[in-house]
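First the structure, in the form of structure tokens, and then the observations on it.
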Number of protein chains: 2
Amino acid sequence: MARHFWAVEALSALAHDTRLRVFRLLVQAGAEGMTAGAIAAAVDVPASTMSHHIATLERAGLAQSERESRMIHYRADYDGMRRLLSFLIEDCCQQRPEMCADLVSAMACKP
Amino acid sequence: MARHFWAVEALSALAHDTRLRVFRLLVQAGAEGMTAGAIAAAVDVPASTMSHHIATLERAGLAQSERESRMIHYRADYDGMRRLLSFLIEDCCQQRPEMCADLVSAMACKP
DNA sequence: GCAATATTTCCATATTTCTCAAAATATAGG
DNA sequence: CCTATATTTTGAGAAATATGGAAATATTGC
């Protein structure tokens with residue numbers, strides 16, 4: 001299992017229906033994050049299954065956890081995601097600016 | 001196999017060491033693209049294995065093919081990649097501009 | 001210490017993906 | 001039509017990933 005690119009791990013983590021959904025949820029949840037239970041309930045997946053998926057996101061550097069009494073809060077790791085996006089964009093812009101052309105407009109982060 | 005997000009297919013395609021390498025190669029190759037054989041040779045992978053990987057990229061909308069006499073030229077599908085990047089960025093910027101903050105600089109496509 | 005709650009880890013199974021040799025297809029040039 | 005080249009498809013075994021129940025761990029309150 002020779003993973004030359006760290007990015008592969010991050011891409012793999014997002015390349016799953018449930019996990020992509022969870023990541024989107026976490027992004028929306030913001031700094032507060034969500035408890036493991038809340039996530040599992042929102043996506044309707046058994047706790048143990050969800051635990052695996054969240055762990056995968058965390059290993060990939062796309063989520064962070066913090067225990068708060070009995071619950072564990074998870075939140076999106078913006079830094080990790082930014083790293084991944086930068087990698088993809090830099091890689092692609094390398095010689096072909098046309099690929100990133102309209103991306104700026106996508107970045108018009110609406111309030 | 002309920003794939004709710006089309007993006008999952010694109011992410012899966014890139015979430016593999018060999019395929020990510022091939023995609024990067026194709027981006028660098030530009031409009032000319034590369035023949036299947038050249039790709040397989042560059043990455044040092046048997047032809048049949050490579051054929052599967054390239055097909056995966058093509059299905060995911062990240063590569064395009066065009067036969068040219070006996071060879072088949074493959075090139076990166078910039079449109080597909082831009083779609084994926086837009087999806088990821090829009091999704092993340094949604095409420096958290098801090099995630100996309102430094103991305104603009106990554107987009108300073110150097111000549 | 002015990003019961004209740006929140007979550008993970010263990011374990012086994014099911015499914016998917018990966019790999020590549022061998023056979024099939026496509027094209028070009030005698 | 002035959003041969004050579006370029007590539008894909010087929011097929012089958014190996015490896016990785018996904019899934020979820022049951023057991024284990026952690027925390028709190030009584």
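To find a chain, count down the sequence lines: A is the first, B the second, and so on, and within it residues start at 1. Predicted, not measured: the structure shown is a model, and the values here were computed from it.
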Whole Å only: how far is the CZ atom of Arg59(A) from the C1' atom of dT17(D)? 11 Å
Rounded to the nearest angstrom, tell me the gap between atom CG in Leu20(B) and atom P in dC18(C). 13 Å
Taking only side-chain nitrogens and oxygens of Ser51(A), does any of them come within less than 4.0 Å of OP1 or OP2 of dT8(C)? yes
Figure out the CG/P separation between Leu11(A) and dA16(D), and round it to whole Å. 19 Å
Could you give the distance from CH2 (Trp6(B)) to CG (Leu84(B)), rounded to the nearest 0.5 Å? 5.5 Å
Pick base, sugar-phosphate or nothing for Thr35(A), based on heavy-atom distances below 4.0 Å to the nucleic acid. sugar-phosphate
If you check every side-chain atom of Ser69(A), which of dA26(C), dT28(D), dT19(C) has the closest atom? dT28(D)
Leu14(A) CG to Leu57(A) CG distance, which is reported to the nearest 0.5 Å: 6.5 Å
Taking the minimum atom-to-atom distance to the side chain of His52(A), which one of dG11(D), dT19(D), dT8(C) wins? dT19(D)
Side chain of Tyr74(B) - closest among dT7(D), dT8(C), dG20(D): dT7(D)
Between Thr49(B) and dC20(C), is there a side-chain N or O to OP1/OP2 distance below 4.0 Å? yes
Need one value for Ala36(B): base, sugar-phosphate or nothing, where a base atom within 4.0 Å counts as base even if backbone is also close, heavy atoms only. sugar-phosphate
I want to verify a distance call: between dA18(D), dA6(C), dA22(C), whose nearest atom is closest to the Met71(A) side chain? dA6(C)
Sole candidate of Glu68(B), Glu32(B), Glu66(B) that passes salt bridge (charged side-chain N to carboxylate O under 4.0 Å, His left out) when paired with Arg75(B): Glu66(B)
Calculate the interatomic distance between Asp17(B) atom CG and dT19(C) atom P; express it in whole Å. 9 Å
In whole Å, what is the span from the CZ atom of Arg19(A) to the C1' atom of dT16(C)? 13 Å
Tell me: NE2 of His73(A) to C1' of dT5(C), nearest whole Å? 14 Å
Base, sugar-phosphate, or nothing for Thr18(A), non-hydrogen atoms under 4.0 angstrom? nothing
Earlier contact from the 5' end, DNA chain C, for Glu68(B) and Ala38(A): Ala38(A)
Nucleotide nearest Arg70(A) (side chain, heavy atoms from C-beta), chosen from dA22(C), dT19(C), dA6(C): dA6(C)
Starting at CD1 of Ile54(B) and ending at P of dA6(D), how long is that distance when rounded to a whole Å? 15 Å
Quick one, Arg59(A) with Glu9(A), criterion side-chain contact (heavy atoms from CB on, under 4.5 Å). Give me CA distance, side-chain angles, the key distance, then yes/no. CA-CA 8 Å; Arg59(A) 253 178 291 143; Glu9(A) 192 169 6; 4.0 Å; yes
Separation of dT25(C) P from Ile72(B) CD1 (nearest whole Å): 15 Å
How do Arg67(A) and Ala55(A) order along DNA chain C: which one's closest nucleotide is nearer the 5' end? Arg67(A)
Does Ser51(B) reach the main-chain N or O of Ala47(B) with its side chain, forming a donor-acceptor pair under 3.5 Å? no
In terms of the nearest nucleotide of DNA chain D, which residue is placed more toward the 5' end: Ala47(B) or His16(A)? Ala47(B)
Could you check whether His53(B) gets within reach of a base, just the sugar-phosphate, or nothing at all, counting any heavy atom under 4.0 Å? sugar-phosphate
Write down the atom of Tyr74(B), the atom of Ile39(B), and the distance for their closest heavy-atom approach. CB-CD1, 4.1 Å
